[in-house]
Number of protein chains: 2
Amino acid sequence: MASTGEAGDPEARVLRADARRNREKLLAVAVVALSHSGGDVPLDAIAKQAGVGIGTLYRHFPTREALVEAAYRHEVDRLCAAVDELGPPMPADAALREWMQRFVDYVATKRGMAAALQSVVTSDSQLFAHTYRQIVDALNTLLGNAIAAGTIRADADADDVLRAMRGVWLVADEQHRADQAGRLLDLLMDGLRFGAVVRPGPTA
Amino acid sequence: MASTGEAGDPEARVLRADARRNREKLLAVAVVALSHSGGDVPLDAIAKQAGVGIGTLYRHFPTREALVEAAYRHEVDRLCAAVDELGPPMPADAALREWMQRFVDYVATKRGMAAALQSVVTSDSQLFAHTYRQIVDALNTLLGNAIAAGTIRADADADDVLRAMRGVWLVADEQHRADQAGRLLDLLMDGLRFGAVVRPGPTA
DNA sequence: CCCGTGAGCGGAGGAACCTCCGTTTCGGGA
DNA sequence: TCCCGAAACGGAGGTTCCTCCGCTCACGGG
């Protein structure tokens, strides 16, 4: 499977409904807040924006570092969970294309959080290795599906595609990122389609 | 030469007399404060103890980290500067013995500052390599002098002696550290004296 | 449906951080 | 010796952090 969603943690007791809601809200707000203004947002502000008391924030995330890490993991999980969401009813290549779009957005968010993530990088160097694996797995699933459906070439490699998508983000300039990235991703998709073999099946 | 004292920094403008005094006072206080109570002393307290305003502390050491590092460097410099102070009028072996005593004290201080140093270790990994060199150089000077005077064996190695002194600190227990370390260092000195050759000279 | 329990909430308040700027002091020239 | 500009001082006060504990309300059992 490509992703575990947020439920992977074995030691996490089941949270009461309100607690889970608050936690989710905090993460959502934190991601936005930390991606702007260099990540030096006071925690109080995040709590207020999330509509909870500062105490609640600290209960869920005892240190600033914990919040940053959780926020980052949350984004990665969201991205990877999308693989399941973009499932069967949708054609495999369309799913792949859509996911690519989301990946580019994810990269933008990650860049925004860079300053905030700085504080985490020292204490947990495993983090990035782990999330990288998660993402590669997700992408592999999508590629596999599309290959199986015969809509993209069989030799598509997750690492290469990942690199290409990062490139897309780098190249697209700040203002027109959405448009430019969109067109570049179309180009990339076409590249992946070139030489695809339709396996024996309904359409063959 | 074994040591550069505190004057090594090429970019340091000459400080006004009062500034230098305050800086010195702050470092002295900081060393003591940071070696006790796990190093989580409020900076305000250090400033107050040093008899200066908090503003003065921050001017000299813009971050907590800067203060910790400076305090540590200060201790190393003090230790190494002692080599010059324990100069010619004093016999080379007596100088060596005295310096060993100070080294053990230094180790104790360093241990006390361990928690505080934690914050520095990430940002400047060169620091410890550098201070290590300083100390080895200092010890080499002392050993060289004593060997030249023929009062210790010629094959004495700085690295070994350093290790031995660290051992002395480790072995001596908290309460009677001074006594025990003293006797162990005497033992170490005797070991160094064994087989010493008196070179041709006045006493030969 | 209602009740009891304890998980979860919130935010006041105390501690530490750090900046900013009016005041003091140093020290080199006249 | 006196004077003046610049260096350095100091601490009030605004900001952020984080803890602590009395209150609330979610939810499982009756």
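What you see is a predicted model, and the numbers here were worked out from it, not measured in a lab.
Proximity of B/Ile46 to B/Gln49: side-chain heavy atoms (C-beta onward) are nowhere separated by under 4.5 Å.
Here D/dT16 presents its P atom at 15 Å from CG of A/Leu57, a figure rounded to the nearest Å. We find that CZ of A/Arg21 is positioned 13 Å from C1' of D/dC27, with the value rounded to whole Å. Per the geometry, CG belonging to B/Leu26 stands 9 Å off P belonging to D/dC9, to the nearest Å. In this structure, A/Leu67 atom CG and D/dC17 atom C1' are separated by 14 Å, rounded to whole Å. When the C1' atom of C/dG10 is taken as reference, atom CD1 of A/Ile46 falls 17 Å away, rounded to whole Å. For the pair A/Asp18 CG and D/dC27 P, the computed distance is 6 Å after rounding to whole Å. D/dG10 atom C1' lies 16 Å from atom NZ of B/Lys25, rounded to whole Å. One atom, CZ of B/Arg23, and another, P of D/dC9, lie 11 Å apart when rounded to the nearest Å.
The side chain of B/Ala17 sits closest to C/dG27 out of D/dG10, C/dG27, C/dG8.
Closest approach of B/Leu27 to B/His74, counting heavy atoms only: CD1-ND1, 3.6 Å.
For C/dG8, the OP1/OP2 oxygens have no side-chain nitrogen or oxygen of A/Thr56 closer than 4.0 Å. Phosphate contact (OP1/OP2 of D/dA8, side-chain N/O of B/Asn22, threshold under 4.0 Å): absent. The phosphate of D/dA8 has neither OP1 nor OP2 within less than 4.0 Å of any side-chain N or O from B/His60.
A 6.0 Å sphere centred on CZ of A/Arg102 holds more than 12 heavy atoms belonging to other residues, nucleotides or ligands.
Looking only at distances, no side-chain donor or acceptor of A/Ser35 sits under 3.5 Å from a matching main-chain atom of A/Met113. Side chain of A/Arg153 to backbone of A/Gly191: a donor-acceptor contact under 3.5 angstrom is found. A donor-acceptor pair under 3.5 Å is formed between the side chain of A/Gln180 and the backbone N or O of A/Asp173.
Donor-acceptor pairing under 3.5 Å, judged by distance alone, is absent between the side chain of B/Arg16 and the base of D/dA8.
One distance of note links CG of A/Leu185 with CH2 of A/Trp99; it measures 11.5 Å at 0.5 Å rounding.
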Pick out the pairs of N or O atoms, protein on one side and nucleotides 12-23 of chain C on the other, that lie under 3.5 Å.
| unit_1 | atom_1 | unit_2 | atom_2 | d |
| --- | --- | --- | --- | --- |
| C/dC17 | OP1 | B/Arg64 | NH1 | 3.0 |
| C/dC17 | OP2 | B/Leu43 | N | 2.9 |
| C/dC17 | OP2 | B/Asp44 | OD1 | 3.3 |
| C/dC18 | OP2 | B/Tyr58 | OH | 3.2 |

